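Read the numbers this way: they start at 1 and go in the same order the structure lists the ligands and their atoms. Since the model is a prediction, treat every value here as computed from it, not as a measurement.
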Amino acid sequence: MKKNLILTGMLGVGKSTIGRLLAIKLNLNFFDVDKIIEKEQGLLIKEIFETKGEDNFRAIEKKTSLKLLEKHSAVVALGGGAFMDKDIRNKVLKSSISFWLNASLQTLIDRASSSDKRPLLNNKNIGKKLSEIYENRKDIYCLANYKINCDKLSKTIIINEISKIYEQNRD
Ligand code: S3P
């Protein structure tokens with residue numbers, strides 16, 4: 001049974017974009033957990049945070065992520081916080097090849113500043129907030145099978161590197 005390819009990492013690092021391109025290159029199905037949640041709930045992620053609260057969002061995220069992890073040979077972009085959940089993480093580590101897309105704080109700040117769709121960053125000091133989230137999460141992201149430092153790499157190089165590793169290990 002072929003393993004899934006899972007992307008984790010900070011909000012805004014590029015999991016959705018890289019995941020979509022990887023799926024095209026590898027000719028696999030692509031699932032973006034946040035997009036699936038938005039479709040199923042009929043609400044944007046930030047609206048789910050606003051109307052139902054973060055705890056409810058995390059419960060929905062957990063259910064959706066665990067269900068998707070039942071698949072085989074799929075590319076899955078997790079939400080940035082999903083890998084912090086022990087059950088999601090254990091399932092990923094058991095059934096998939098996982099990649100931590102990492103980037104410097106400055107790159108993350110630049111990306112996040114150009115978007116208003118991330119409810120965890122809707123306060124004024126995006127840099128401070130991102131730095132706190134990164135510090136809290138980095139030791140957990142580190143548990144992913146592979147770490148890709150995306151800062152100085154083009155999308156093409158990132159995709160080539162990940163697909164090469166995946167093809168060598170997916171069976
Ligand atoms: C979150 C990241 C978001 C989304 C939600 C919470 C997080 O996904 O799931 O806003 O906790 O890091 P992206 O990583 O796709 O932005």
- What part of Lys46, side chain from CB on, backbone N/CA/C/O, both or neither, has a heavy atom under 4.0 Å from ligand 1? neither
- Between Tyr146 and Asn169, is any pair of side-chain heavy atoms under 4.5 Å apart? yes
- Message: Test of understanding: given a 4.0 Å heavy-atom threshold, classify the contact between Ile133 and ligand 1 as side chain, backbone, both, or neither.
- Response: neither
- By salt bridge (charged side-chain N to carboxylate O under 4.0 Å, His left out), Asp110 pairs with (sequence neighbours left out) none
- With sequence neighbours left out, what residues match Lys52 under salt bridge (charged side-chain N to carboxylate O under 4.0 Å, His left out)? none
- Identify, for atom 12 (O) of ligand 1, the protein heavy atom at the shortest distance, and state residue, atom and that distance. Arg137 NH1, 2.7 Å
- Which part of Arg58 is near ligand 1, with near meaning a heavy atom under 4.0 Å away: side chain, backbone, both or neither? side chain
- Task: Report yes if the side chains of Leu7 and Leu22 come closer than 4.5 Å at any heavy-atom pair, otherwise no.
- Result: yes
- Considering only the protein, which heavy-atom contact is closest to atom 14 (O) of ligand 1, and what is its distance? Lys15 NZ, 2.6 Å
- Message: Checking Tyr166 against Asn145: is there a side-chain donor and acceptor pair closer than 3.5 Å?
- Response: no
- So, does Lys15 use its side chain to make a donor-acceptor pair with the main chain of Gly9 at under 3.5 Å? yes
- Note on the structure: atom 3 (C) of ligand 1: closest protein heavy atom, distance to 0.1 Å, is Asp34 OD2, 3.4 Å
- Query: Quick check: does Ser16 get an N/O under 3.5 Å from an N/O on ligand 1?
  - Reply: no
